[in-house]
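Computed over heavy atoms, backbone and side chain alike; hydrogens, waters and symmetry mates excluded. Whatever order the structure lists them in is the order used to number ligands and atoms, beginning at 1.
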Amino acid sequence: MITIISGKGAPGATTTLAALAATWPAPVLLADCDPDGGDVAPGWLGQWVVAGRIRTDLGVLSHATATRHASAGDPATLGEHVQAVPPVRHVGLLAGFTAPGQHAAVSAAGWARLTVALAAFKTATGYPADTLVDAGRFGAVTPWPLLLAADLVLVAVRPTQRHVLAARAVLAALAERVAPHRMKLAVCATTPAGTHDVRAALCREVAFAVPEDARTADVLSGGRDGGALPRRSPLLHSTYRAARQLHSTYHRQPADPQVTNRGPHLLAGSTR
Ligand SMILES: Nc1ncnc2c1ncn2[C@@H]1O[C@H](COP(=O)(O)OP(=O)(O)OP(=O)(O)O)[C@@H](O)[C@H]1O
Ligand SMILES: [Mg+2]
């Protein structure tokens, strides 16, 4: 489980995570857990929402409601809330909140149940799926269980003073509860010099950096070109490499032969 979080200023956390999911070398669950509202379905996947292929009433909130009487998290409860992502079939989406304040319906226990379910989620072939979680901007309603259980917490940051200062505050808050080796930077819309400056300013390891690439970012954040991924994309090229590196670092088991090269493979329960 890799969870991304950001400070103020919209550095590109959701866009970067969507790119990472799209280029992930194995089945992956993209969990849109931003308490301020999910941006993946209405953004990148808006066309499929309009066409009725992706339902916005299924996701984090419906899972919390359906499991409200459960005492513990159970991956078996998650499948019916996960939907296939039409442009990238190896990705399953747990859609986010659609209206302000909906996060209040998910209690601390609800986030804890979801975290357990996400961490143990399996593909249709019974192979453990990786999970990429968008935890939104750090704040009072941050879903902490999704940070505490993550193998890696990525703090999204752009190479500007404003974003670096915002990231510094997030890192300081996280440092109280997240081990240093589990906290790295995802530098968004950057250059090699910008990444160098961010690393130096924040004294943190950079997990990966993605270049400024407005066209691909517009696809992944706003559904440009109907959400179709461009063939040539500096952003996707960089996350392709990052995804492989992260997958090999954190995936301790051999690849599932049935999902080699990501295959035409849907996650368990994502049959819609
Ligand atoms: N690598 C990039 N190159 C150029 N533009 C980018 C890049 N990444 C993101 N953007 C743009 O930055 C804006 C913010 O992106 P995004 O919504 O992903 O940020 P965020 O950190 O998730 O914001 P929020 O805090 O609102 O959730 C969008 O317009 C997006 O297209
Ligand atoms: Mg976001």
Side-chain angles (χ1 to χ4, degrees), residues 2-23 30-47 56 59-60 85 91 93-100 102-103 132-143 146-147 153-160 162-171 173-174 184-195 198 202 206-230 232-243:
I2 296 177
T3 299
I4 198 164
I5 191 150
S6 63
K8 283 164 64 79
T14 302
T15 302
T16 302
L17 199 70
L20 200 61
T23 50
L30 179 56
D32 195 347
C33 300
D34 183 342
D36 290 332
D39 284 331
V40 178
W44 176 25
L45 306 175
Q47 173 184 288
T56 53
V60 175
V85 173
V91 182
L93 173 71
L94 185 69
F97 300 122
T98 55
Q102 282 185 338
H103 65 83
L132 300 177
V133 179
D134 186 348
R137 297 183 193 189
F138 182 77
V141 292
T142 287
L146 293 164
L147 299 170
V153 176
L154 292 170
V155 175
V157 56
R158 280 197 191 209
T160 69
R162 189 166 69 101
H163 286 100
V164 166
L165 291 174
R168 180 175 288 163
V170 175
L171 287 162
L174 294 183
K184 295 182 184 174
L185 304 173
V187 190
C188 310
T190 188
T191 59
T195 306
V198 167
L202 295 174
V206 173
F208 64 93
V210 296
E212 173 126 31
D213 177 0
R215 181 176 180 154
T216 309
D218 280 353
V219 172
L220 293 168
S221 66
R224 176 178 172 167
D225 300 334
L229 299 174
R232 289 171 182 271
S233 160
L235 200 167
L236 291 172
H237 182 69
S238 64
T239 58
Y240 178 89
R241 281 183 297 156

Quiz item: Under a 4.5 Å cut-off applied to non-hydrogen side-chain atoms, are Thr15 and Val210 in contact?
Solution: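 No, their side chains stay 4.5 Å or more apart.
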
Quiz item: Hey, are the side chains of Val155 and Phe138 touching, using non-hydrogen atoms and a 4.5 Å cut-off?
Solution: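 A side-chain contact is absent here, since even the closest heavy-atom pair is not under 4.5 Å.
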
Quiz item: Can you name the closest pair of heavy atoms from Leu30 and Ala18 and give their distance?
Solution: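 Nearest heavy atoms, Leu30 then Ala18: CD2-CA, 4.4 Å.
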
Quiz prompt | Contact residues of ligand 1, where a non-hydrogen atom lies under 4.0 Å away | solution =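 Correct list: Ala10, Pro11, Gly12, Ala13, Thr14, Thr15, Asp34, Asp39, Arg137, Arg158, Ala189, Pro211, Glu212, Asp213, Ala214, Ala217, Asp218, Ser221, Leu235.
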
Exercise. Evaluate the side-chain contact (heavy atoms from CB on, under 4.5 Å) criterion for residues Ile4 and Leu132: first the C-alpha distance (whole Å), next the side-chain angles of each, then the deciding distance (0.1 Å), finally the verdict.
Key: CA-CA 8 Å; Ile4 198 164; Leu132 300 177; over 6 Å; no

Quiz item: Between Leu229 and Leu220, does a side-chain contact (heavy atoms from CB on, under 4.5 Å) hold up when you go through it step by step?
Solution: CA-CA 8 Å; Leu229 299 174; Leu220 293 168; 3.7 Å; yes

Exercise. Could you list all the side chain to side chain donor-acceptor pair (under 3.5 Å) pairs where at least one residue sits in residues 213-223, not counting sequence neighbours?
Key: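 Listed once each, the pairs are Asp213-Thr216, Asp213-Ser233, Arg215-Asp225, Thr216-Ser233.
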
Quiz prompt | Heteroatom test (N, O or S) for Thr14 near the Mg ion (ligand 2), limit 2.8 Å | solution =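 Under 2.8 Å: Thr14 contacts the Mg ion (ligand 2) through an N, O or S atom.
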
